[in-house]
2 protein chains.
Amino acid sequence: MKENLEKLNRYIDLKGLRHSTSREQIAKVFFKTQDHITVEALLDEVRKINAKIGLATVYRTLNLLQECGLAMKRDFDTGTVTFEPYSDAHHDHLICTNCGEIIEFFSDDLEKLQDKIAKKYGFVLTDHKMELYGHCKNCS
Amino acid sequence: MKENLEKLNRYIDLKGLRHSTSREQIAKVFFKTQDHITVEALLDEVRKINAKIGLATVYRTLNLLQECGLAMKRDFDTGTVTFEPYSDAHHDHLICTNCGEIIEFFSDDLEKLQDKIAKKYGFVLTDHKMELYGHCKNCS
DNA sequence: ATAGATGATGAGAATCACTATCATTAATAG
DNA sequence: CTATTAATGATAGTGATTCTCATCATCTAT
């Protein structure tokens, strides 16, 4: 949490951007969220602290956070797009297309396999997305 | 190509839908495309054959094709959403976030690993998406 | 600390991708 | 051939996101 803010501030300095209070307020609220949150819900939360903040700024901040690897957009085609705080602890998702349940998982083998594939094509990886769609235990 | 059309027709019969000419024209043009195509571009192509076809029908057809596993939506956050014909030969993507180059790859190990992960969580997989983001050979 | 330059913001318009509506057209069962 | 009803095309509507622009806030050099 504190690390996240520090990382954001380092990125802001690196890019020669300014340190604004709105941005910091949005980032703080976002880092505190546990689950996948919609932009609308994030705006609601942020407005409890600062009622004047606008939707565009929330989007701008989320874009910035994505740029520096602190946020990840999740669009599982379930009708709602969400964002989640993103740390070094990478994880992927299993999505039940029937009931909408989302399970997060981490696989070290997967991480290794990705690096192998990337190397084969001369790519330097910055990020990845892996989404497994199917039916969960209850639905199948 | 012929197989794809047959598969579509089987699905149409299965669902008790009707065999319309517009739908078939759109599907045929779509199956002929090589690359990832935008909906707008597909509409342009289709209108060379039948100028009366509307955008909504293209979307409706693409949705149907997705349902029966013959089309796949690709949204790499590059600003344009595309669709591509989808056959049993599954493949995934490497995306260069700098120049936008997209490389398709297939990994048998990856397919196997997915099944293993799914099994662990009691999921029956219907589909998956794997996107590796980074910098390609030229850009890094 | 102060003033000037310019980045950031908020409000709302604009855009993009897509879906819903609805009157018309066309496919299919009988 | 006719009735039924799915499919279509045009367009309005929607939701998510970006753009525009006047105003405000931050930083830099004094």
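Numbered from 1 within each chain, the chains take letters A, B, ... in sequence-line order.
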Enquirer: Measure the distance from CG on B:Leu64 to P on C:dC18 and round it to the nearest whole Å.
Expert: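 Distance check: B:Leu64 CG to C:dC18 P gives 16 Å.
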Enquirer: Does B:Glu3 CD have over 12 foreign heavy atoms under 6.0 Å away?
Expert: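 12 or below, so no.
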Enquirer: Starting at the 5' end of nucleotides 19-30 of chain D, put B wherever the base has a protein heavy atom under 4.0 Å, S where only the sugar-phosphate does, and a dash everywhere else.
Expert: BB----BBS---
Enquirer: Whether the side chain of B:Arg23 engages the backbone of B:Arg18 through a donor-acceptor N/O pair (distance < 3.5 Å, no angle test) should be reported.
Expert: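 Such a contact is found between B:Arg23 side chain and B:Arg18 backbone.
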Enquirer: Tell me which pairs pass ring pair (Phe, Tyr, Trp, His ring centres under 6.0 Å) where either residue lies in residues 109-140 of chain A, with sequence neighbours left out.
Expert: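 The answer is A:His90-A:His128.
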Enquirer: With side chain to side chain donor-acceptor pair (under 3.5 Å) as the criterion, how do B:Asn4 and B:Tyr86 come out once you've worked through the C-alpha distance, each side chain's angles and the decisive distance to 0.1 Å?
Expert: CA-CA 9 Å; B:Asn4 285 348; B:Tyr86 199 63; over 6 Å; no
Enquirer: Is any side-chain heavy atom of B:Leu64 closer than 4.5 Å to a side-chain heavy atom of B:Lys15?
Expert: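 No, every pair of side-chain atoms sits at 4.5 Å or beyond.
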Enquirer: For A:Glu24 and C:dT9, give me the distance from atom CD to atom P, rounded to whole Å.
Expert: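 From A:Glu24 CD to C:dT9 P: 12 Å.
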Enquirer: Without decimals, in angstroms, what is the distance between A:Leu62 CG and C:dA8 C1'?
Expert: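 Nearest whole value for this atom pair: 16 Å.
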Enquirer: Scan B:Lys73 against the nucleic acid and name what it touches under 4.0 Å (heavy atoms): base, sugar-phosphate only, or nothing.
Expert: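 Sugar-phosphate only.
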Enquirer: Is there a side-chain contact between A:Ile117 and B:Leu132 in this structure, where contact means two heavy atoms from C-beta onward sitting under 4.5 Å apart?
Expert: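 Yes, close enough: below the 4.5 Å cut-off.
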Enquirer: Check whether any side-chain heavy atom of A:Val29 sits under 4.5 Å from a side-chain heavy atom of A:Ile49, and report yes or no.
Expert: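 The answer is yes, as the side chains (C-beta and beyond) meet within the 4.5 Å cut-off.
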Enquirer: Just the rounded figure in Å: distance from P of C:dT9 to OH of A:Tyr59.
Expert: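 A:Tyr59 atom OH is separated from C:dT9 atom P by 16 Å.
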Enquirer: Rounded to the Å, how far apart are A:Asn63 CG and C:dG7 C1'?
Expert: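 Computing the A:Asn63:CG to C:dG7:C1' distance gives 17 Å.
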Enquirer: For C:dG10, does either OP1 or OP2 sit under 4.0 Å from a side-chain N or O belonging to A:Ser22?
Expert: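 Looking at the OP1 and OP2 atoms of C:dG10, one of them is under 4.0 Å from a side-chain N or O of A:Ser22.
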Enquirer: Whole angstrom is fine here: how far is it from CG in B:Leu65 over to C1' in C:dC18?
Expert: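 Going from CG in B:Leu65 over to C1' in C:dC18 covers 16 Å.
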Enquirer: Rounding to a whole Å, what distance do you find between B:Ile26:CD1 and D:dT8:C1'?
Expert: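 After rounding, the gap between these two atoms is 9 Å.
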Enquirer: Under a 4.0 Å heavy-atom cut-off, which of residues 38-55 of chain B touch DNA chain C?
Expert: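 Contacting residues: B:Val39.
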Enquirer: Taking the side chain as every heavy atom from C-beta outward, state whether B:His93 and B:Met130 have any atom pair closer than 4.5 Å.
Expert: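 Contact flag for B:His93/B:Met130 side chains = no.
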Enquirer: Just by modelled atom types, is the B:Ile53 backbone N or O under 3.5 Å from a matching donor or acceptor in the B:Arg47 side chain?
Expert: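 Checked: pair present.
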Enquirer: How bent is the helix from C:dA1-D:dT30 to C:dG30-D:dC1, measuring the angle between the end axes built from five pairs each, rounded to 10°?
Expert: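 Result, rounded to 10 degrees: 40°.
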Enquirer: Residues two or more places apart in sequence or in another chain: which of them pass side-chain contact (heavy atoms from CB on, under 4.5 Å) with A:Thr57?
Expert: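 Expected list: A:Ser22, A:Ile26, A:Arg60, A:Thr61.
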Enquirer: Any pair with a residue in residues 3-32 of chain B that passes ring pair (Phe, Tyr, Trp, His ring centres under 6.0 Å), sequence neighbours left out, goes on the list, sorted by first then second residue, please.
Expert: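 Not a single pair qualifies under ring pair (Phe, Tyr, Trp, His ring centres under 6.0 Å).
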Enquirer: Whole Å only: how far is the CG atom of B:Asp75 from the P atom of C:dC16?
Expert: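 In whole Å, C:dC16 P and B:Asp75 CG are 15 Å from each other.
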